[in-house]
Amino acid sequence: MAVEQMTGRIARDLEYLKRFTSTPGKGCTRLPFTKEAREAVDFLKKLMEEAGLEVKEDTAGNVFGILYGEDPSLPCVMMGSHYDSVYNGGDYDGIAGIICAIEAARQLQEQGIKPHCSFVVAGFCDEEGMRFGNGYFGSGAMLGHRDLDYCKQFKDKDDISIYDAMKSYGLIPERIEEAKWKEGSIGKFVELHIEQGPVLDAEEIEIGLVDHIVGIQRYMITVEGRSDHAGTTPMDMRKDAVEAATKVISKIPDWAREKADGTVATVGLIHTIPGGVNIVAEKVEFTVDIRSKNNDNINDIANRIRHALERETEEIGGSFNMETKLVITPVELDHEILEIMEEKCKELHYTYKYLPSGAGHDSLEIGQVLPTAMIFVPSKDGRSHCMEEFTKYSDLAKATQVMVGLLTEITRE
Ligand SMILES: [Zn+2]
């Protein structure tokens, strides 16, 4: 297969998709259940049809293109990603994985490879959670993890619920559960995605084989003391919330570093209340985001934070609250699929590296229940979720070649 031809078609399709944004000239903004989402889905449907796939749009806003195998009753192999974006995001995150999956379907046919089981290209709705604050909506619905209550529960900044947004998009939210695929109908899932981090680009490696998607725990922590005059209150008569909070915060990076396995912990927001230069703070609010491929490490850091908060707030005679915002357990991706991909990298003489994904993906949702693997393509300078996001079309084509090699093998079963 000519990689130049693949590069050309991937470039053509991704360039065309750039127009479906609500912020032209300011990056890609393609939120779920909007005009831009509709335009992108219609274009994907056209590409799928032209590639000889049978197109299906489901009740959750996902779009599928099916290349029937010799025995369509077998569990299918699915490859895809998401078509939504963040605000002012890039032109590759998510959508590149769908375009490369369509190219893979073209390749299978042009190379005369008749899959034994069906091959399905998937374009998922609302992975980012940018509009309603949740995420993995479409892939979750495919697995039967979304229902009517869920659709009514989450609202966007204009107070429009998923339920209302779906209706104005032309979907019937009452039928959301019909988006679930029959138990056993999907055999394996593979996702091609840009790395969104700097490792591959910095080390000049062509292919990333993702062996884990990290788990995440997120907390909102409030430390309460007492506000007093900054000049008249002696140091040993204060209940300084900043003193207690910062003693805890300052230890968190080292606790993550100690794990020495890529575990990261971030305090991204700190807020003092009332927040005056001459006032001892009564309250400090801060967030903690802990990620690791090892769930025990995440739990351990969360426990250490809790104990340190107990100790330090007792010291000042204050109190604290540690509110859980998000808990996602890490997913180990499928070793068998990864080994075949590694084999294909060697055959094609592409450099590769095993690495974890520090960001969540549809594969995080799907990998909880199905054999799943991901392949990463280098992101220039690791930039993503911004206008500067850039991945070379030729690199996408190389990863697609690896995927085609993989698909040739795993659709034979
Ligand atoms: Zn993505």
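Remember, it's 1-based here, ligands and their atoms both numbered in the order they're listed. This is a predicted model, so every value here is computed, not measured.
Side-chain N/O atoms of N294 and H212 include no donor and acceptor closer than 3.5 Å. At a cut-off of 3.5 Å, with distance as the only test, a side-chain donor of E191 or S363 sits close to an acceptor on the other residue.
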Show me the donor-acceptor pairs within less than 3.5 Å that the side chains of residues 252-269 make with the rest of the protein, sequence neighbours left out.
from, atom 1, to, atom 2, distance (Å)
D254, OD1, R257, NH1, 2.7
E258, OE1, R304, NH1, 3.3
E258, OE1, R304, NH2, 3.1
K259, NZ, D300, OD2, 2.6
D261, OD1, T263, N, 3.2
D261, OD1, T263, OG1, 2.5
D261, OD2, N297, ND2, 2.8
T263, OG1, S292, OG, 2.9

Give every donor-acceptor pair under 3.5 Å between a side-chain atom in residues 197-207 and any protein atom, sequence neighbours left out.
from, atom 1, to, atom 2, distance (Å)
D201, OD2, D381, N, 2.7
E203, OE1, K353, NZ, 3.0
E203, OE2, K353, NZ, 3.4
E206, OE1, T351, N, 2.8
E206, OE1, T351, OG1, 3.2
E206, OE2, K398, NZ, 3.0

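Around the Zn ion (ligand 1), the protein contributes the following N, O or S atoms under 2.8 Å, ordered by chain and number: H82 NE2, D93 OD1, H193 NE2.
Cation-pi geometry between R30 and Y83 is not met at under 6.0 angstrom from the ring centre and within 45 degrees of the axis.
Looking at residues two or more places apart in sequence or on another chain, you find a side-chain contact (heavy atoms from CB on, under 4.5 Å) between R226 and D228, K239.
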